[in-house]
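See below for the structure under consideration.
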Amino acid sequence: MTHTPHELAEEFPDAADKIHRLKMESAHFARLADQYHHVNREIHRIESEVEAASDMRTEDLKKERLMLKDEIAEMLQTAP
């Protein structure tokens, strides 16, 4: 399988332990991370031309990924 850019570990390289811990401790964080992963993979498949999608669909997915990333970043920042 090819490398998928924008994985959470790449986006937050200094927070790998915190990401893992929050996935275990917070169902909400785990859902956000799973949703981010799903959207990110879908974008990668479109950009790799494995799947077809309209420009509007691609843009909507990128916006969704950004909103998820922002919420994840906020949770990472406020977590002890």
Side-chain angles (χ1 to χ4, degrees):
M1 177 172 263
T2 62
H3 172 72
T4 305
H6 300 287
E7 292 291 343
L8 286 177
E10 270 184 9
E11 296 295 319
F12 305 102
D14 296 335
D17 291 338
K18 196 180 276 192
I19 289 170
H20 178 71
R21 183 173 49 81
L22 285 171
K23 282 182 181 180
M24 297 294 165
E25 296 174 356
S26 169
H28 177 66
F29 186 88
R31 277 191 303 276
L32 287 175
D34 286 346
Q35 189 174 0
Y36 179 91
H37 179 75
H38 175 76
V39 169
N40 190 50
R41 291 283 174 167
E42 190 169 348
I43 292 168
H44 179 67
R45 287 190 304 270
I46 292 166
E47 289 177 341
S48 299
E49 297 181 357
V50 172
E51 290 183 15
S54 68
D55 289 344
M56 182 178 277
R57 174 69 178 147
T58 304
E59 192 65 29
D60 288 345
L61 285 168
K62 287 181 177 183
K63 288 177 184 177
E64 182 179 358
R65 179 176 64 186
L66 184 58
M67 287 189 307
L68 289 164
K69 181 181 170 188
D70 286 347
E71 188 170 352
I72 289 167
E74 185 175 328
M75 290 183 77
L76 287 171
Q77 190 172 29
T78 59

At their closest point, which heavy atom of [X] faces which heavy atom of [Y], and how far apart are they?
| X | Y | value |
| --- | --- | --- |
| A53 | I46 | CB-CD1, 3.5 Å |
| P80 | R21 | O-NH2, 2.6 Å |
| N40 | P5 | ND2-O, 2.9 Å |
| L32 | L68 | CD2-CD2, 3.7 Å |

Would you say E74's side chain and D70's backbone share a donor-acceptor pair under 3.5 angstrom?
-> no
Carboxylate-amine/guanidinium proximity below 4.0 Å for K62 and E42 | no
Take K18 and L22 through the side-chain contact (heavy atoms from CB on, under 4.5 Å) test and state the conclusion after the steps.
-> CA-CA 6 Å; K18 196 180 276 192; L22 285 171; 4.1 Å; yes
Verify the distance criterion only: is there a donor paired with an acceptor across the side chains of H44 and E7 at less than 3.5 Å?
-> no
Which value, rounded to the nearest 0.5 Å, describes the distance between [X] atom [atom1] and [Y] atom [atom2]?
| X | Y | atom1 | atom2 | answer |
| --- | --- | --- | --- | --- |
| R31 | S26 | CZ | OG | 7.5 Å |
| E71 | Q35 | CD | CD | 9.0 Å |
| R57 | D60 | CZ | CG | 7.0 Å |

Determine, step by step, whether H6 and K69 satisfy the side-chain contact (heavy atoms from CB on, under 4.5 Å) criterion, reporting the C-alpha distance in whole Å, the side-chain angles of both residues, the deciding distance to 0.1 Å, and the verdict.
-> CA-CA 10 Å; H6 300 287; K69 181 181 170 188; 5.9 Å; no
Is atom CD of E25 surrounded by more than 12 heavy atoms (other residues, nucleotides or ligands) closer than 6.0 Å?
-> yes
Other ILVMFWY residues reachable from M56 by side-chain steps of under 4.5 Å = none
Partners passing salt bridge (Lys or Arg N to Asp or Glu O under 4.0 Å) against K23 (at least two apart in sequence or in another chain) | none
H38/E64 under side chain to side chain donor-acceptor pair (under 3.5 Å): CA gap, chis, key distance, verdict | CA-CA 11 Å; H38 175 76; E64 182 179 358; over 6 Å; no
